[in-house]
Amino acid sequence: MNTAQLWTDTLYLLPEIIIALTGLLALVWDFISPESVKKSRLALFSLFGIMLAAVFCFMQAGLDKQIFSNLLAVDYFAVVYKIILLVTAGMVILMSMNYLKVQDTQRGEYYVLILFSTLGMMVMAAATNFISMYLGLELTAISCYILCGFMIKDKASNESAIKYFILGLFASAILVYGISLIYGVCGSLNFSQIQQALSRPGGNSGVVLLTGMVMLIVGFGFKMAVVPFHMWMPDVYEGAPTPVTAFMSIGPKVACFAVALRFFPIAAYALRVQWGFIFAILAAITITLANFHALRQESVKRMLAYSGISHVGYALIGLVATTVDRQIGLMSVIVYFLVYFTANVGAFGVIVLLCQKGRMGEKFDDFKGLGKRSPFAAMLMTIFMLSLLGIPPTGGFLAKVWVFAAAVKADYMWLAVIGVINAIISAYYYLRVTVMMYMHDPEEQSSLSFTPALAVALYIMAFFTLYMGVFPGSFFELAKKSVIALL
Amino acid sequence: MVSITWYLVVSALLFTIGLIGVLVKRNIIMVFLCLELMLNAANLNMVAFSHYSSNIEGQIFTIFSITVAAAEAVVGLAIVISLFRNGGNINIDEFNILKW
């Protein structure tokens, strides 16, 4: 690798470099600017950086390159995931402008941490080597630990941060140990070389390799909050500031899935019987248990945390389906996340809207009579809930149908049946929000005030949720192209 | 020459000690130290494998892993300090505001 090669490779890294520079500049700006300068300017600056990075990401669509000695890949798959992550970060920043003002914790490093965390996720989405994957994972995680405990005077926020920190580190340790065992057997940390090593005759057996694989799955399971490794998640979600919860319910999970999709169906394809079996069991218990916990929550934020766990379970069904038909399985997971992220960010956005001074707006009771107080907010929330539930014409319907179809095609009929039954059960807690909004009288009469930033975020998310349900063609095309780049 | 098995046994022992410590210890600092023990067990594995297969990647990973562990320690101790300021103790059993 010569110097000229290094420079051209660096050019392919432009979106990441822009995000990193924006974060660093924002850090300095926050430090030198006087207190009187409004922090919302910092938010706008971060948004600008994110948009610029997204533009450069779009320009990379269609490339298929390995850069920095196969550490990172610049392909369609990475681009799709980076766009999801950048849009999430942008929407979260729009929501936070409102939230931080209400909670009176206007500190600049908040936006910096969101940017750095996004950078880590982008690296994960592009990683084709365990070294780059691990660095991305830890950058994401460390930024999220701080974001969780951002309200330092609040005990719940503190507690959420320490729980996330201990369990996140625990997961990392197991993950790294698993990686070290796989490295010992395969002799490389690079995904494509691991693939070669595993596909040699007799290369896919042995106690050490299988132990490593199981530890890798456990580590990923913790990070993606798959049952039975999910215990930390509802606590962390409830204690963290709401926009951060919205961010964490998408970002780390989506990024972990990007790595899992690059590793399991491609590099570890020779071991598909083993991991397919484990993931099938995990998916079934994840969906079922998370659903039953969600039924008995009194806090909407906590309910959404459990619903997020069950959605990871649905996406896992798609991953299991890749054991038979890789293209359909991978496409179904990508489409699932495209749909899930719009609806989920939107739902958290409505909670942020309800959050007023001295009232968190997280309980089911806070949604009482929202249909009268603010018909628009109620309508948007209904769209998001229907999409999470999977009712046409929202995108959620198509995503669920695809995942189940992929499972049926892969002869995992029982998994599809469990998924459908759980989708029906989940109607209870999603529609409960709608019932609260339209069939109860409001407890307080004041109408809610939309700030422009929050309104923009909510409208964009609602638009895409509906658009994906009515005109899914272009999104399928997107998923198809990214899968072809991967295979 | 020491065979690789010994390295693997030591690292497995370290990992197990760390794992048990995380589950048993009640003081957050001790839990944190046990977590570091688990991470270092993995690092030891990496270096041993790297040495015996004469492939440098494992050692590169270890250097990154050590660096990341340092960054993690900074953040973790900062969180512990803010906990201590608010609650006055760092016993893991005391953190039970958030519950299902």
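Proteins come first, then strands; the chains are lettered A, B, ... in the order of their sequence lines, and each starts at number 1. What you see is a predicted model; the values in this text were computed from it and never measured.
Within the 4.5 Å cutoff, the side chain of A:Tyr183 has heavy atoms near those of the B:Met46 side chain. Looking only at side-chain heavy atoms (C-beta outward), B:Phe32 and A:Ile166 stay at 4.5 Å or farther from each other. Side-chain atoms of B:Phe61 and A:Val176, non-hydrogen and from C-beta on, do get closer than 4.5 Å to each other.
Considering CD of A:Gln193 and CG of B:Asn55, their distance stands at 8.0 Å, rounded to 0.5 Å.
Contact annotation for B:Ile28: only side-chain heavy atoms (C-beta onward) come within less than 4.5 Å of a heavy atom of chain A. For A:Ser188, the parts lying near chain B are the backbone and the side chain together; criterion is any non-hydrogen pair under 4.5 Å. Neither the backbone nor the side chain of A:Leu175 comes within less than 4.5 Å of any heavy atom of chain B. With a 4.5 Å cut-off on non-hydrogen atoms, B:Ser65 touches chain A through its backbone and its side chain both. For B:Ala73, no part sits under 4.5 Å from any heavy atom of chain A, backbone or side chain.
Scanning all heavy atoms of the two residues, the minimum distance from B:Leu83 to A:Glu159 falls at CD2-N, 4.4 Å. Residue A:Phe170 comes nearest to B:Met38 through the heavy atom pair CE1-CE, 3.6 Å, listed as atom of the first residue, atom of the second, then distance. The minimum heavy-atom distance linking B:Ile79 with A:Asn158 is given by the pair CG2-O, 4.4 Å. Looking at every heavy atom in both residues, B:Ser11 comes nearest to A:Tyr177 through OG-OH, 3.1 Å.
Annotation: maximal heavy-atom pairing with chain B below 4.5 Å, among A:Val185, A:Val208, A:Ile146, A:Ile142, occurs at A:Ile142. Chosen from A:Ala141, A:Gly149, A:Gly184, the residue pairing most often with chain B at heavy-atom distances under 4.5 Å is A:Gly184. In terms of non-hydrogen atom pairs under 4.5 Å with chain A, the most contact-rich of B:Ala41, B:Ser53, B:Cys34, B:Ala78 is B:Ala41. Interface summary for chain A: among B:Val80, B:Leu39, B:Asn86, the most heavy-atom pairs under 4.5 angstrom belong to B:Asn86.
By the neighbour-count criterion of 12 heavy atoms within 6.0 Å, atom CZ of A:Phe364 is densely surrounded, having more than that number from other residues, nucleotides or ligands. Heavy atoms from other residues, nucleotides or ligands lying under 6.0 Å from CG of A:Leu295 number more than 12. Enclosure of atom CZ in A:Phe292 is not indicated, since only 12 or fewer non-hydrogen atoms of other residues, nucleotides or ligands lie within 6.0 angstrom. Counting non-hydrogen atoms of neighbouring residues, nucleotides and ligands closer than 6.0 angstrom, the CZ atom of B:Arg26 exceeds 12 such neighbours.
For the pairing with A:Ser180, the side chain to side chain contact (heavy atoms under 4.5 Å, CB included) check across B:Val47, B:Leu8, B:Asn45 returns one residue only, B:Asn45.
Within residues 130-139 of chain A, the residues that have a heavy atom under 4.5 Å from a heavy atom of chain B are A:Phe130, A:Ile131, A:Tyr134, A:Leu135, A:Glu138, listed by number.
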